[in-house]
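Following: one structure in structure tokens, then a few remarks.
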Number of protein chains: 2
Amino acid sequence: MVPYPSNSSALEIFIQRLSAHSRLGSEEQDALLRLPVTLMRYPAHVDIVRQGTITDHACLVSEGLVGRYGQTADGKRQFLSLHLPGEMVDLPSVVAPQATSAINALAPSTVMKVPHAALREASDRYPAIAAAFWRDCVLDAAIVAQWLLNVGRRDARARTAHLVCELAVRSRNVSAAARDQFSLPITQEQMGDALGLTPVHVNRILKGLREEGLMTLARGRVVIEDWRGLTTAAEFDGAYLNGLGAI
Amino acid sequence: MVPYPSNSSALEIFIQRLSAHSRLGSEEQDALLRLPVTLMRYPAHVDIVRQGTITDHACLVSEGLVGRYGQTADGKRQFLSLHLPGEMVDLPSVVAPQATSAINALAPSTVMKVPHAALREASDRYPAIAAAFWRDCVLDAAIVAQWLLNVGRRDARARTAHLVCELAVRSRNVSAAARDQFSLPITQEQMGDALGLTPVHVNRILKGLREEGLMTLARGRVVIEDWRGLTTAAEFDGAYLNGLGAI
DNA sequence: CGGTCGGTTGAAAGCCTTCAAACGGTGTGG
DNA sequence: CCACACCGTTTGAAGGCTTTCAACCGACCG
């Protein structure tokens with residue numbers, strides 16, 4: 001068995017993530033822990049939310065890998081974000097229920113559905129929670145902005161390395177796992193959809209990174225052999241993942 | 001003189017933009033109108049905020065054109081957003097004062113600086129304002145996400161057309177100007193930095209669009225000759241600009 | 001009037017895509 | 001238990017979109 005976090009801990013990880021940028025008292029934390037949730041299971045490649053749908057709940061990843069994506073008219077797909085267990089996929093939906101992008105399970109995943117009503121209640125009652133939610137949306141947006149820089153201005157090798165570095169750091173934020181090895185149940189095609197590349201080219205790039213002794217991605221697991229080298233190849237600076245300058 | 005909105009109206013446009021997705025009572029609107037602001041002028045190509053800086057104010061564009069951007073290690077630049085007069089460039093900074101991206105004046109611009117303290121005060125006092133700010137950040141993020149799809153999955157022609165369509169719609173939201181003609185004081189190099197293209201290629205694409213009779217960009221002004229054709233070339237669907245499904 | 005900036009155009013090179021085919025692992029049905 | 005199908009990975013070859021390099025032009029400004 002892969003050491004997924006247990007179901008109940010997804011909320012705890014979420015709270016811990018919020019605490020990384022916002023001060024939450026024990027009262028607020030309790031309120032969040034008492035959030036009513038419904039567990040749902042999804043097979044790989046299945047949409048959890050379709051674009052344009054109006055939802056009444058947000059999705060917290062508990063196991064697996066979940067992403068938001070947009071699509072062009074001719075069906076080409078672009079992932080806009082990826083979410084590891086413990087991360088909220090669509091907190092923005094609390095304040096904008098009409099989905100501007102679709103949500104998809106990249107691997108078999110279990111998702112905790114949290115009603116918007118409960119989230120609004122919590123944020124109405126506790127201003128600190130409202131601020132933390134707002135801030136979390138801002139952090140999310142900062143990551144998307146980095147992806148835009150990545151896709152717009154880095155070549156395929158740096159781009160791929162950058163994504164792996166980001167997910168390595170986020171994975172460590174989320175679980176106590178070592179940064180040089182973490183679960184990433186993603187196919188090369190999905191990776192291409194996250195990087196704006198074809199699956200064929202992703203394959204060649206990964207081969208290159210492997211042969212350079214930088215990293216390996218196999219059977220849903222990333223092994224980083226040379227963190228220093230990988231961050232250099234990626235021009236990676238993780239400041240955007242933490243440094244919001246907030247309390 | 002180009003018919004820029006007068007200085008005092010930038011705040012009004014901002015309020016009107018907020019009202020498009022959030023219900024604000026007259027009391028809230030008054031509070032926003034009373035926000036203390038400082039007017040600043042910037043020449044073209046000058047940075048208003050540098051990356052990593054911690055700021056104590058947000059920037060509301062009054063005249064000109066302002067954008068956020070990120071940079072790779074070797075100096076390649078990627079605009080992450082563009083902001084027309086009446087739009088707030090960095091509302092997220094209220095809640096995350098450390099700038100994860102730089103802010104630049106693409107053309108000679110005047111900017112209203114609004115202290116974070118005043119914005120926080122207003123949003124603390126009026127929950128409707130807090131919700132509107134949050135929602136505005138979410139809308140902003142939805143636009144960045146569309147750019148990511150655009151840069152990641154559309155070819156240069158569609159990509160360029162898409163940007164112009166988006167700005168045309170946003171320009172109309174912001175002023176009463178007709179959609180088929182609006183001010184866009186941007187160079188082809190800056191456009192390349194927004195689209196993940198070289199200035200040379202932007203030039204060729206614009207030439208193509210001009211020869212197809214779709215649009216013209218000259219001397220800081222876009223003239224759309226065939227809106228239908230342009231949206232088709234761009235696969236443009238403006239739903240993401242408005243449809244948040246919020247009140 | 002020279003200098004700078006932005007726009008325009010041509011030619012060659014390069015990164016990535018497209019098209020095709022083969023391989024390995026896994027699950028299912030005979 | 002094996003055959004087969006399916007999915008994801010891997011590799012080769014050709015083509016194309018975009019970049020790079022270079023040069024020239026026009027407008028604006030000091």
Side-chain angles (χ1 to χ4, degrees), chain A residues 2 43-46 64-65 72 74-78 104-108 150-163 184-211 215-223 233, chain B residues 2 43-46 64-65 72 74-78 104-108 150-163 184-211 215-223 233:
Chain A
V2 189
H45 306 292
V46 158
L65 184 64
T72 62
D74 55 334
K76 278 181 289 205
R77 189 166 70 159
Q78 172 71 50
N104 184 269
L106 285 84
N150 207 28
V151 171
R153 288 306 192 194
R154 279 195 259 260
D155 65 20
R157 177 169 171 272
R159 208 186 292 183
T160 306
H162 199 277
L163 177 64
L184 187 63
I186 195 174
T187 68
Q188 295 179 357
E189 175 159 24
Q190 292 165 337
M191 209 150 177
D193 287 341
L195 295 168
L197 298 171
T198 59
V200 174
H201 201 57
V202 170
N203 182 288
R204 289 191 238 265
I205 295 295
L206 287 177
K207 181 184 179 187
L209 293 174
R210 198 187 315 133
E211 289 175 352
M215 59 153 290
T216 296
L217 169 55
R219 268 165 293 110
R221 199 152 188 85
V222 170
V223 179
Chain B
V2 189
H45 306 294
V46 158
L65 184 64
T72 63
D74 55 335
K76 277 181 290 206
R77 189 166 71 160
Q78 173 71 48
N104 184 268
L106 286 84
N150 206 29
V151 171
R153 288 306 192 194
R154 279 194 258 262
D155 65 20
R157 178 170 169 271
R159 207 186 293 183
T160 307
H162 200 278
L163 176 64
L184 187 63
I186 196 175
T187 68
Q188 294 180 355
E189 175 158 24
Q190 291 165 338
M191 209 149 176
D193 287 340
L195 294 168
L197 298 172
T198 58
V200 174
H201 201 56
V202 170
N203 182 288
R204 290 192 239 266
I205 296 294
L206 287 177
K207 180 185 179 185
L209 293 174
R210 197 187 316 134
E211 288 174 353
M215 59 154 289
T216 295
L217 169 55
R219 269 165 289 110
R221 200 155 188 83
V222 170
V223 179

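Numbers restart at 1 for each chain; the letters A, B, ... are given by sequence-line order, proteins then strands.
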Problem set entry | Residue list, side chain to side chain donor-acceptor pair (under 3.5 Å) with Asn104(B), at least two apart or on another chain | Asp47(B)
Exercise. Which residues pass the salt bridge (Lys or Arg N to Asp or Glu O under 4.0 Å) test with Arg159(B), sequence neighbours left out?
Worked result: none
Exercise. Which atom names give the shortest non-hydrogen contact between Pro185(B) and Ala107(B), and what distance separates them?
Worked result: O-CB, 3.4 Å
Seminar exercise, completed: Between Leu106(B) and Ala44(B), the two heavy atoms sitting closest are O-CB, 3.6 Å
Exercise. Does anything in residues 186-201 of chain A reach DNA chain C, meaning a heavy atom under 4.0 Å, and if so which residues?
Worked result: Gly196(A), Leu197(A), Thr198(A), Val200(A), His201(A)
For this session: Output all residues satisfying side chain to side chain contact (heavy atoms under 4.5 Å, CB included) with Thr72(B), sequence neighbours left out; order by chain, then residue number.
Result: Leu149(A), Arg153(A), Arg154(A), Glu235(A), Asp74(B), Lys76(B)
For this session: Could you tell me whether Arg210(A) contacts a base, only the sugar-phosphate backbone, or nothing, with contacts defined as non-hydrogen atoms closer than 4.0 Å?
Result: sugar-phosphate
Seminar exercise, completed: salt bridge (Lys or Arg N to Asp or Glu O under 4.0 Å) filter on Lys207(A), not counting sequence neighbours, yields none
For this session: Select from Asn203(A) and Arg153(A) the residue whose nearest nucleotide in DNA chain D is closer to the 5' end of that strand.
Result: Asn203(A)
For this session: Extract, from 5' to 3' on DNA chain D, the first and final nucleotides lying under 4.0 angstrom from some heavy atom of chain A.
Result: dG8(D) to dA13(D)
Enumerate donor-acceptor pairs with a distance under 3.5 Å from any side-chain N or O in residues 195-205 of chain A to protein atoms, sequence neighbours excluded.
{"residue": "Thr198(A)", "atom": "OG1", "partner": "His201(A)", "partner atom": "N", "Å": "3.3"}
{"residue": "Asn203(A)", "atom": "ND2", "partner": "Gln188(A)", "partner atom": "OE1", "Å": "2.9"}

Problem set entry | Relative orientation of the end axes in the helix from dC1(C)-dG30(D) to dG30(C)-dC1(D), expressed as an angle to the nearest 10° (five pairs per end) | 30°
Problem set entry | DNA chain C: 5'-proximal contact among His45(B) and Arg157(A) (nearest heavy atom) | His45(B)
Seminar exercise, completed: Students should find that the nucleotides of DNA chain C closing off the region near chain B, any atom under 4.0 angstrom from a heavy atom, are dG6(C) to dA11(C)
For this session: List the atom of Ala194(B), the atom of Val151(B), and the distance in Å for their closest heavy-atom pair.
Result: O-CG2, 4.3 Å
Problem set entry | Rounded distance (nearest 0.5 Å) linking atom OG1 of Thr216(A) with atom CZ of Arg221(A) | 12.5 Å
Problem set entry | Closest contact, heavy atoms only, Leu217(A) versus Leu184(A) | CD1-O, 4.1 Å
